[in-house]
Amino acid sequence: MPSRQSTAASKRLSPDAATLRPAVRRKSAMLAGHVRKKLRGPEQETAPAEKPRRRTDVRLGLPALLVWGAAVAGTWLTPAVLAFLCSGLLVVAVLLLARVARGRKVRAGRRSFLTTTAVALVLAATAAAHSAVSSSQRHDGPLAEAAASGKSVVAILEITGPARALTLPGRAGTPERWSVDARTEQVTVSGKVIRTRAEFVVMGGRGWDNVVPGQLVRTAGKLRPPEPGQQETAILAASTAPGAAAADGSGAGAAPAWEVVAKELRERYVAAASFLPADPRGLLPGMVTGDTSALDEGLNAAMKTVGMTHLTAVSGANCSLVLGALLMAARSLRLPRIPAACLALTGLGMFVVLVGPDASILRAALMGSIAIASLAGGRMGRGLSFLCLAVMGLVLIDPGLATSFGFLLSVLATLGIIVLGSRIMDWTPAIVPRWAAAALAVPLSAQLLCGPVIVLLQPQFSTYSLLANLVSAPLVAPVTLLGTAAVPLVAWVPWLATALIAVAGTFSAGVAGTARTAAGLPGASLPWPEGAVGLLTMLLLSALTFAGVWAAVRPRQILRLVLGLHARTVSQLDAADSRLRAWTKPSFRRLRSPRSPRGYHGRGLEAGGRRNRLRYCTGISGRNPPWPQPQPHEPGQRRRRLLPPGGT
């Protein structure tokens, strides 16, 4: 039993111990922090703390894939199978919604996933049904039969796109044939009137270059079926010039006023740029207004060789630049968020009308609208969600885009910029400017995902494509912004428009020079395997390129990885050596065991060597020599005795 004095002493000492515990904890924390700093090294100690990375929102990825896949299936499946598929999708959607409605104990995350999947299934059924209707118009019915038999027709068409010049390779001068996208209002075949809305492509001569989108025209010609994989119902080889007509054939079908103004502005812009040299004179209108009628064939071939064809006409990048410039201008005027968004959307709509309702332009415009709406609501950083919404909206409006390679390339390029481009920019060291990192990340990420699809269309590898796009990337923004600003000034202030066109033409000349220089280098275009082999090899090359970029911008991590692998290999070898020693040790003992006959040592391994070397023992004598002795001479031969010098 402890005495009363010791108990009192412990009570007196307990407050001191209580006061010492926090001090000990602080010392331990300081020591642990010092150890962690030593382990991190000086380069990590001085580096700023990294910001938490925003996670990519992939919740709309599944709905987008379902809608896209259903639209593709609608073009291939028979009506009976497609009806069964749509019914099955709707039944599954109803079951999921019922599960969400009855499940009170379902977690919030799972409830959101089930609801999103049910809505995606309903949208997929809608896309499949719409795609089936469009496909039936292309392959069944009187128009498809007339196109298959090559009959002559009289048609009333609504022009849906600008005229595109058809030039023969190696032939210069004014084009004589034009291609125009149109939609049928009324078709007369063998005295039978067919009223339907079908997509046509009209091939015509003089007069077809003056048509305007939205205009109703009457023409006559001969039908022929489209090429496999095309979205139009038939191709009409027009034998007459377009004549004005209304849907009932009684009056003139005038185009909308804004389409007429847009066409006049495009023509004036091409005329205003005629003072430029040959290359910028044809390239500048194509990069600004989408008019490639004056583009030189040699320059067009050079840009195809180095993978710069996306710059010969207006694409999603131009819409993004215009939208961003308008938004920055509106915010610089201290406009509120919603009015600035409305102003930017209005300017984007005017730009789309000026260029024409092309598939890539519509996709870029829709994505810009969603981005502006998210900005007005204060929710940014969800680029993948914007892309998924754009894909679902465009596929539901026009199911034919689901099987279009141009639409697929546009989506893959945007996906690469959103998913890979941001990561490449984050990997770039802080010493590199942000604009330089973006100039490298944007073309590289787009090319990594578009490369396998491009190989399927054109089995060749553009060696200098990344370098050419990287050099021309800083020149695209001045061409787009200055050139677009000069379009309305052509009619109002011609002298100012001429000055802007001259500056923009200088930058476009740099783009053309980059394309011609890269196309003239040796090995600019290399052959590549076709089909699935080419696709898989290009996927492998893209993966290796992505890994190479990561290794180039992260040398310290690569060094640590190599050192870690080396240390692990050494440890594995040491462990294997230890296991080998433990396995061979008993055999050495058995060689010298007392049970063996006296003087017999046998042949085996001996672990008594220096520096842990294994010695090979022989049974020639009891001396146990460490190395093999020379073999004895053959029997029957006597060894000759050597005599000393002078001996006999």
Please check this pair: side chain of [X] against backbone of [Y], looking for a donor-acceptor N/O pair closer than 3.5 Å.
X      : Y      : result
Trp68  : Ala402 : yes
Thr126 : Val122 : yes
Ser445 : Leu420 : no
Ser462 : Thr305 : yes
Ser179 : Arg164 : no
Arg177 : Met203 : yes

Yes or no on salt bridge (Lys or Arg N to Asp or Glu O under 4.0 Å) for Arg281 and Asp296, after CA distance, side-chain angles and deciding distance? CA-CA 9 Å; Arg281 181 172 64 241; Asp296 183 68; over 6 Å; no
Thr116 vs Pro63 side-chain heavy atoms within contact, under 4.5 Å: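 Yes. Closest side-chain heavy atoms under 4.5 Å.
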Quick one: closest heavy-atom pair of [X] and [Y], and the distance?
X      : Y      : answer
Val67  : Ala124 : CG2-N, 3.9 Å
Trp208 : Thr240 : NE1-O, 3.3 Å
Val471 : Pro474 : O-CD, 3.3 Å
Ser472 : Leu311 : OG-CD1, 3.9 Å
Ala182 : Val202 : CB-CG2, 4.2 Å

Looking at Met350, I want to see if its CE is surrounded by more than 12 non-hydrogen atoms of other residues, nucleotides or ligands under 6.0 Å. no
Take atom CZ of Phe275 as the centre, draw a 6.0 Å sphere, and report whether it contains more than 12 heavy atoms from other residues, nucleotides or ligands.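 Above 12, so yes.
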Only counting residues at least two apart or in another chain, list the ones meeting side-chain hydrogen bond (donor to acceptor under 3.5 Å, both in side chains) with Thr480. Asn318
Consider side-chain contact (heavy atoms from CB on, under 4.5 Å). Of Val453, Leu448, Ile454, which one does Leu412 pass it with?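 The passing option is Val453.
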salt_bridge(Glu185, Arg195) N-O dist < 4.0 Å: no
How long is the straight-line distance from CE of Met308 back to OG of Ser465, given to the nearest 0.5 Å?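 Interatomic distance, Ser465 OG to Met308 CE, rounded to 0.5 Å: 8.5 Å.
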